[in-house]
Amino acid sequence: MNETNQPGKAEFMASVAARSSHGLRGDYSRMRDDYTVEQDYSRYSPDHQQVWRRLYARQHELLPGRACRAFLSALESLDFGDAIPSFDAVNERLHAATRWKLVAVPGLLPDEVFFGHLARRQFPVTVWIREPEEFDYIVEPDIFHDFFGHVPMLFDAQIADYLQAYGLGGLKAQQLGGLKYLARLYWYTIEFGLIAEAGGVRAYGAGILSSPGEIRHALESPQAHRERFDLIRVMQTKYLIDDFQKTYFIVDSFGQLFDETAPDFSLLYRTLARLPELEP
Ligand code: PHE
Ligand code: FE
């Protein structure tokens with residue numbers, strides 16, 4: 001498995017285990033060189049299907065007035081509330097819409113592998129779903145976060161192009177020491193981004209859209225800061241991984257997001273290294 005130039009699997013597992021007490025949640029024993037697996041649909045039990053339906057129903061109810069238009073319209077047309085979605089079934093429609101494809105993965109991936117998939121317009125989706133006891137809290141993204149949160153947005157042409165550009169930019173940032181900054185951009189856009197729509201501010205970030213607590217916090221809490229998207233500011237701002245965000249950034253359109261992130265970041269990374277980091 002390791003005779004390729006992909007980062008070593010053993011090395012990856014060891015580095016993650018060293019960073020957290022629980023190691024990795026997924027089953028990495030059967031993956032291919034590019035870290036993809038089969039979505040083996042028969043492994044989902046009736047309990048898993050039930051967890052999916054409950055998660056979907058709870059989240060779906062919170063979307064009106066909070067989720068952006070692109071998300072809502074893709075979600076309604078996909079109609080995957082009754083059962084855990086099959087990636088193959090969605091892929092036909094996704095490819096027709098934006099030429100993206102979902103690939104099944106065991107869980108978190110090494111940065112380089114993740115960027116490589118995005119650069120090829122392949123979105124990695126985790127296959128496992130949380131157990132009933134983990135209903136409200138999971139240690140790593142599962143299929144509900146990955147699918148419900150991210151997949152509808154892949155149907156938007158501008159987000160689709162932005163994500164591919166992000167993947168290419170990630171491969172480049174690794175050479176330039178820019179990963180820390182680029183990770184913040186992903187966090188504050190793809191995971192926790194807000195957009196100003198005619199009816200008001202709405203969420204397009206998957207971390208917001210897939211969380212019952214964060215979706216209300218992000219849009220309604222007086223404690224949350226909501227600022228206009230500013231590329232440098234975003235890249236300077238640290239983020240929280242185990243609590244609701246303190247600050248969210250609002251774009252006017254996905255076109256703005258794409259255009260402002262299109263220029264070459266090489267110089268920007270050097271500038272950022274001299275600027276202060278901002279607290280969340
Ligand atoms: N413009 C970035 C670069 O030159 C690439 C990028 C695009 C990164 C979009 C993120 C999002 O590195
Ligand atoms: Fe995510």
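Atoms within a ligand are numbered from 1 in the order they appear, just like the ligands themselves.
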Electrostatic pair Arg32:Glu38 at N-O distance under 4.0 angstrom: yes
Contact flag Asp146/the Fe ion (ligand 2), N/O/S atoms, threshold under 2.8 Å: no
Under 4.0 Å from ligand 1 - residues by heavy atom, chain and number: Tyr162, Ala165, Tyr166, Gly169, Lys172, Leu182, Leu185, Thr261, Ala262, Pro263, Asp264, Phe265
Atom pairs and distances, side-chain donor-acceptor, residues 270-280, under 3.5 Å, sequence neighbours left out:
unit_1	atom_1	unit_2	atom_2	d
Thr271	OG1	Leu267	O	3.1
Glu277	OE2	Lys180	NZ	3.1
Glu277	OE2	Arg184	NH1	3.4
Glu277	OE2	Arg184	NH2	2.9
Glu279	OE2	Lys238	NZ	3.1

Salt-bridge present (Arg69, Asp156; N to O < 4.0 Å): no
Heteroatom of Glu191 nearest to the Fe ion (ligand 2) (N, O or S, atom name): OE2
Aromatic plane relationship, His150 with His145 - under 30° parallel, 30 to 60° tilted, over 60° perpendicular: perpendicular
is_close_aromatic(Tyr248, Tyr188), centroid dist under 6.0 Å: no
Donor on one side chain, acceptor on other, Glu131 and His48, under 3.5 Å: yes
Distance flag, aromatic centroids of Phe258 and Tyr162, threshold under 6.0 Å: no
